[in-house]
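Accompanying notes for the structure given below.
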Amino acid sequence: MRDSFEGNSAAYHSYLLGLRDVKRLSLPDIRRSRKAFREALQHSAHFAPALSGLSRTFLVEWLLTARGDSELLGLAEDYANRAIVADPSLAAGFRELGVAKLYLGDIDESVLALKLAEELGPHYADGIASYADTLVHASRPADALAKIERAISLNPLSPTDYLWTAAGANFALGHYAEALEQISAMDDRTPADRLSAACWAMLGDTKNARLYMRKVREIYPDFDVDKWLSVVPFKEQWQKEQYREALRRAGF
């Protein structure tokens with residue numbers, strides 16, 4: 001990657017701006033990040049890091065809006081493939097492809113792509129964190145927790161999404177208090193409000209569960225549990241039913 005960066009200093013600068021904003025997990029930041037990645041591509045049309053960055057913006061927007069927008073996933077997959085073509089040695093391209101495949105419902109292909117990303121970048125903490133997230137959806141939460149702990153050890157000043165993934169793994173394991181501890185460490189807890197509501201509900205704390213349910217409704221008034229769970233992939237049905245029960249208890 002160093003040769004690519006040194007050969008495209010203007011593209012690299014725009015890429016760094018995009019990378020800064022994409023970690024903040026809010027729609028305004030994600031869209032600002034997308035603009036920066038596109039500016040990088042104006043300087044260098046085949047700059048693989050910016051192509052993979054664009055893929056990430058579409059994936060995060062899909063997650064945050066919770067509307068099951070297939071167009072966003074299609075764009076994410078397209079830019080991930082373009083990043084891989086531009087630089088097959090770049091772990092980030094396979095990372096984004098793996099995440100896109102996950103939300104397109106192909107969990108096995110997702111695991112394969114993220115395994116390859118880890119092989120290409122064994123110290124690439126972001127890739128390992130995404131691998132952990134896919135393992136949560138693959139109904140392997142214990143493996144996911146071990147993987148996200150590895151990512152956190154590589155990147156102790158962990159981005160918000162690492163903690164979100166750790167919380168999701170703990171939730172699937174029935175460790176609801178531990179999941180809430182992970183969420184409480186997030187700089188911005190808003191993206192995990194649904195999960196917070198679910199955890200409090202499973203702990204029997206209706207007051208806090210309703211509080212977080214209302215927070216979600218304020219931002220996403222049209223959020224629908226069944227629609228959301230119809231597009232979020234889980235390999236085994238028990239995991240989907242666990243989440244459904246928790247959200248129903250929370251008042252959704």
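We number each residue from 1, following the sequence as shown.
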Criterion side-chain contact (heavy atoms from CB on, under 4.5 Å) on Y124 and E118, from CA distance to verdict: CA-CA 7 Å; Y124 176 40; E118 186 178 36; over 6 Å; no

What pairs meet the ring pair (Phe, Tyr, Trp, His ring centres under 6.0 Å) rule with one or both residues in residues 139-159, with sequence neighbours excluded?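 Listed once each, the pairs would be none.
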
Ignoring hydrogens and geometry, is there a side-chain-to-backbone donor-acceptor pair from [X] to [Y] under 3.5 Å?
| X | Y | value |
| --- | --- | --- |
| S130 | G127 | no |
| D106 | E109 | yes |
| S52 | G93 | no |
| S55 | A76 | yes |
| K147 | A129 | no |
| S158 | N155 | yes |

Looking only at heavy atoms, which two atoms of [X] and [Y] are closest? And how far apart?
| X | Y | answer |
| --- | --- | --- |
| S14 | A40 | CB-N, 3.6 Å |
| L104 | E77 | CD1-OE1, 3.4 Å |
| Y103 | D133 | OH-OD2, 3.2 Å |

Y12/H43 aromatic ring centres below 6.0 Å: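 Not close enough - the centres of the two rings lie 6.0 Å or further apart.
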
With clusters defined by side-chain heavy atoms of hydrophobic residues (ILVMFWY) lying less than 4.5 Å apart, directly or transitively, does L63 cluster with L247?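 Looking at the clustering, L63 is in the same group as L247.
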
Test salt bridge (charged side-chain N to carboxylate O under 4.0 Å, His left out) on R244 and E241 and set out the steps. CA-CA 5 Å; R244 188 193 312 277; E241 293 307 319; 3.4 Å; yes

Evaluate whether atom NE2 of H13 has more than 12 neighbouring non-hydrogen atoms of other residues, nucleotides or ligands under 6.0 angstrom away.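 Result for NE2/H13: open.
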
Check: Y15/N8 side-chain N/O donor and acceptor closer than 3.5 Å: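 Side chains of Y15 and N8: no pair found under 3.5 Å.
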
Give a yes-or-no answer on whether the side chains of D78 and N81 include a donor-acceptor pair shorter than 3.5 Å.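 Result is no, nothing qualifies.
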
Under the ring-ring contact (aromatic ring centres under 6.0 Å, His included) test, which residues partner Y243, sequence neighbours left out?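 Listed in chain order: F171.
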
Which value, rounded to the nearest 0.5 Å, describes the distance between L102 atom CG and L114 atom CG?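 Going from CG on L102 over to CG on L114, the span is 8.0 Å.
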
How would you list all residue pairs meeting salt bridge (Lys or Arg N to Asp or Glu O under 4.0 Å) that involve residues 52-63, not counting sequence neighbours?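 Sorted pair list: R31-E61, R34-E61, R56-E96.
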
What salt bridge (Lys or Arg N to Asp or Glu O under 4.0 Å) pairs are there with at least one residue in residues 184-201, not counting sequence neighbours?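 Residue pairs passing salt bridge (Lys or Arg N to Asp or Glu O under 4.0 Å), neighbours aside: none found.
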
So F234 and H137, would you call those rings parallel, tilted or perpendicular, with 30° and 60° as cut-offs?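 Answer is parallel, since the angle falls under 30°.
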
Donor-acceptor pairs are to be reported for all side-chain atoms of residues 213-223 against protein atoms at under 3.5 Å, with residues two or more places apart or in another chain.
unit_1: R217; atom_1: NH1; unit_2: F223; atom_2: O; d: 2.5
unit_1: Y220; atom_1: OH; unit_2: L64; atom_2: O; d: 2.5

As a quick check of understanding, evaluate side-chain contact (heavy atoms from CB on, under 4.5 Å) for F58 and I30, giving each step before the final call. CA-CA 8 Å; F58 292 116; I30 292 304; over 6 Å; no

Check the pair T57, R38 against side-chain contact (heavy atoms from CB on, under 4.5 Å), reporting the backbone distance first and the verdict last. CA-CA 11 Å; T57 67; R38 283 178 168 152; over 6 Å; no

Connecting only ILVMFWY residues whose side-chain heavy atoms lie within less than 4.5 Å of each other, what is the rest of L116's hydrophobic cluster?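 I84, F94, L97, L120, listed by chain and number.
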
